[in-house]
Novice: 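Dropping the structure in here first, questions after.
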Amino acid sequence: MPLAQELEAVAIEIAREAGELARRRRGEGLAIAATKSALADIVTEADREVEVLIRTRLAERRPDDAFLGEESGAEPGTSGITWIVDPIDGTVNYAYGIPSYAVSIAAVEGDPVPGEWNALAGAVLNPVSGELFHAARGAGAWLDGERLAVNSEPMPAGALLGTGFGYNPATHAGDLAQVARVMTLARDVRRIGAASLDLAFVAAGRLDGYFERGLQPWDHAAGALLVTEAGGAITVTGAPDEHGRTLVVAAGPGLFERLLAVVLGT
Ligand code: IPD
């Protein structure tokens with residue numbers, strides 16, 4: 001089996017076990033462990049526990065690979081492959097009981113820096129719906145057994161777009177101005193609350209496009225591969241704003257350049 005597909009199988013198996021743990025812990029109640037970059041940016045005990053599970057399983061299955069996780073940071077490896085992991089993407093949804101959160105696991109080669117790595121495999125699992133989006137480089141993006149394809153062109157009514165807002169209140173005015181510009185292309189906008197699912201939805205044609213500033217590698221590593229393997233285009237290192245936040249824009253080929261230009265206001 002090609003390496004990318006071997007890594008995809010590992011990501012899928014571990015995402016399923018991790019998703020089951022996240023769902024079970026949510027059923028047992030919620031414990032906020034800490035706040036991070038801002039008061040609104042929370043981490044639950046479950047985020048930490050699920051990341052430990054994923055890290056342990058990866059160390060058992062792929063002991064020579066490096067690791068980069070949202071909650072526990074980085075550990076070097078010797079194989080040239082890094083696993084980039086968000087144990088619970090959409091933690092605020094998870095905390096509020098909104099069933100839109102995901103386990104996101106990606107394997108990349110090269111420096112684990114957005115724009116520099118070469119993504120090999122990824123899995124994004126919503127533990128509540130049970131939907132598992134997965135991809136291996138060169139072998140397509142899939143939702144369970146169905147091959148995914150982005151929408152090549154939005155419908156005449158305009159594009160259905162996803163976005164997200166950072167936790168830092170100082171960035172909200174700029175983000176809202178960006179949304180105002182984008183409305184010229186949009187039939188409507190969704191704020192789902194989990195970037196990995198936004199990107200999976202672009203891959204699945206459930207959204208025509210997606211844009212957000214300030215994402216971290218673990219928010220988009222698996223989702224970006226889903227988009228490109230489904231025939232879409234994505235930038236993950238777009239022009240930084242005055243807060244130093246880079247831009248992620250993803251869409252089908254008929255929309256991507258227009259969406260990027262409108263988001264940037266060029
Ligand atoms: C967050 C979600 C959210 C996005 C934020 C991310 P987290 O991830 O993906 O949709 O708007 O920028 O930080 O903190 O829930 O893992």
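Every number for a ligand or one of its atoms is a count from 1 in the order of the listing. The shown structure was predicted, so the numbers you read here are calculated from the model rather than taken from an experiment.
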Novice: Is Arg137 salt-bridged to Glu229, going by a charged N under 4.0 Å from an acidic O?
Specialist: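 No.
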
Novice: To check you understand the geometry: which heavy-atom pair defines the closest contact between Leu161 and Asp208, and what is its length?
Specialist: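 Scanning both residues completely, I find the closest heavy atoms to be CD2-C, 4.5 Å.
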
Novice: Determine whether more than 12 heavy atoms belonging to other residues, nucleotides or ligands lie under 6.0 Å from atom CZ of Arg23.
Specialist: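 Incorrect, the count does not exceed 12.
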
Novice: Using the rule given for salt bridge (charged side-chain N to carboxylate O under 4.0 Å, His left out), can you reason through Arg57 versus Glu17, listing the C-alpha separation, both sets of side-chain angles and the distance that settles it, and then say yes or no?
Specialist: CA-CA 10 Å; Arg57 290 289 178 265; Glu17 187 182 355; 2.8 Å; yes

Novice: Can you tell whether the side chains of Arg25 and Asp47 come within less than 4.0 Å, N to carboxylate O?
Specialist: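 Here Arg25 does not pair with Asp47 in a salt bridge, since their nearest N and O are not under 4.0 Å apart.
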
Novice: Using a 4.0 angstrom limit on heavy atoms, which residues are close to ligand 1?
Specialist: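 For ligand 1, the residues that come within the 4.0 Å heavy-atom cutoff are Glu70, Asp86, Ile88, Asp89, Gly90, Thr91, Gly164, Phe165, Tyr167, Arg191, Gly193, Ala194, Ala195, Glu212, Leu215, Asp219.
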
Novice: Do you know which of Arg245, Arg213, Arg181, Arg191 makes salt bridge (Lys or Arg N to Asp or Glu O under 4.0 Å) with Asp175?
Specialist: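 Among Arg245, Arg213, Arg181, Arg191, the one that satisfies the salt bridge (Lys or Arg N to Asp or Glu O under 4.0 Å) with Asp175 is Arg245.
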
